[in-house]
Amino acid sequence: MMASKKVKKQDIGSPYNVVHHVHVDKALKWSGSQIDDPNDLFQLHELLGEGAFGKVYRAVHVQSQQIFAVKIVKGQHEDVNQEIEVLQKVHHENVVAYYGSINRRKEELWLIMELCTPGSVRDLIETVNLPLSEAQTAYII
C-alpha cells in the first residue's frame with residue numbers, strides 16, 4: 001500500500017499579485033478600472049452600418065486581438081434596452097452573439113457583438129443583385 005503525501009497549505013500554489021482591470025457581470029455589463037474610455041479596450045475600424053440608434057463598427061479587442069462588431073448608441077433608448085434583453089436570452093447560430101455592453105459616461109452605450117461576415121442579409125442581396133429564394137429566406141428566418 002502506498003502512503004499518500006499530506007498536502008500542506010504552503011504547498012498549494014495560487015495566483016498572486018493579480019489585478020482584474022475588467023469585470024463582466026451576469027448581465028454582461030463590462031466594468032472596471034480600464035473602462036473609463038472603451039477606446040482603451042477596443043480599436044474601432046471601418047464603419048459597417050448606421051441605424052436609427054447609432055453606428056456599428058468593426059472593432060478589435062486590444063488585449064486579445066479578437067474581432068467584434070461594436071454598436072455605439074448615443075443617449076438612452078428604451079428600444080436598445082429591449083434589444084439587449086433579447087440578445088442576452090437568445091443563443092442560436094442564426095442570431096448574432098451578444099458579448100456585453102459598456103456605458104461610457106452615460107452619454108454613449110457600446111454593445112459588443114459578434115462580427116458577422118460577409119455582412120447583413122441586405123448586404124448579401126445587394127452583392128448578388130438577386131432576390132433570395134424561398135428556401136434561403138426560410139433558412140434565415
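All residue numbers in this chain count up from 1 along the given sequence.
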Checklist entry - Going from CG on L87 to CD on E114, what distance comes out if it is rounded to the nearest 0.5 angstrom? => result 11.0 Å

Checklist entry - How far does CD1 of I112 sit from CD1 of I102, to the nearest 0.5 angstrom? => result 4.5 Å

Next on the checklist: Rounded at 0.5 Å granularity, tell me how far CG in D79 sits from CD in E83.
Outcome noted: 9.0 Å

Checklist entry - Is it true that K71 and E108 have a side-chain N and a carboxylate O under 4.0 angstrom from each other? => result no

Next on the checklist: Is the shortest side-chain heavy-atom distance between Q82 and V86 below 4.5 Å?
Outcome noted: no

Checklist entry - If you measure from CG on N103 to CG on L109, what distance do you get to the nearest 0.5 Å? => result 5.0 Å

Checklist entry - Taking atom CG of L44 and atom CG of N39, what is their separation to the nearest 0.5 Å? => result 5.5 Å

Checklist entry - Out of H91, E93, H92, which residue meets the side chain to side chain contact (heavy atoms under 4.5 Å, CB included) rule with V95? => result H92

Checklist entry - What pairs meet the salt bridge (Lys or Arg N to Asp or Glu O under 4.0 Å) rule with one or both residues in residues 51-65, with sequence neighbours excluded? => result E46-R58

Checklist entry - For N129, what residues pass the side-chain contact (heavy atoms from CB on, under 4.5 Å) criterion, not counting sequence neighbours? => result none

Checklist outcome for this item: So OH of Y99 and CD of Q66: to nearest 0.5 Å the spacing works out to 7.0 Å

Next on the checklist: Suppose clustering is done on Ile, Leu, Val, Met, Phe, Trp and Tyr with side-chain heavy atoms closer than 4.5 Å. Which residues sit in the same group as V60?
Outcome noted: L48, V56, I67, L115

Next on the checklist: Side chains of L41 and V62, heavy atoms from C-beta outward: is any pair under 4.5 Å?
Outcome noted: no

Checklist outcome for this item: Heavy atoms of H45 and Y57 approach each other most closely as O-CD2, 3.5 Å

Checklist entry - Where does the angle between the aromatic ring planes of F42 and W110 fall among parallel (under 30°), tilted (30 to 60°) and perpendicular (over 60°)? => result tilted

Checklist entry - If you take all heavy atoms of F68 and H61, which pair is closest and at what distance? => result CE1-CB, 3.8 Å

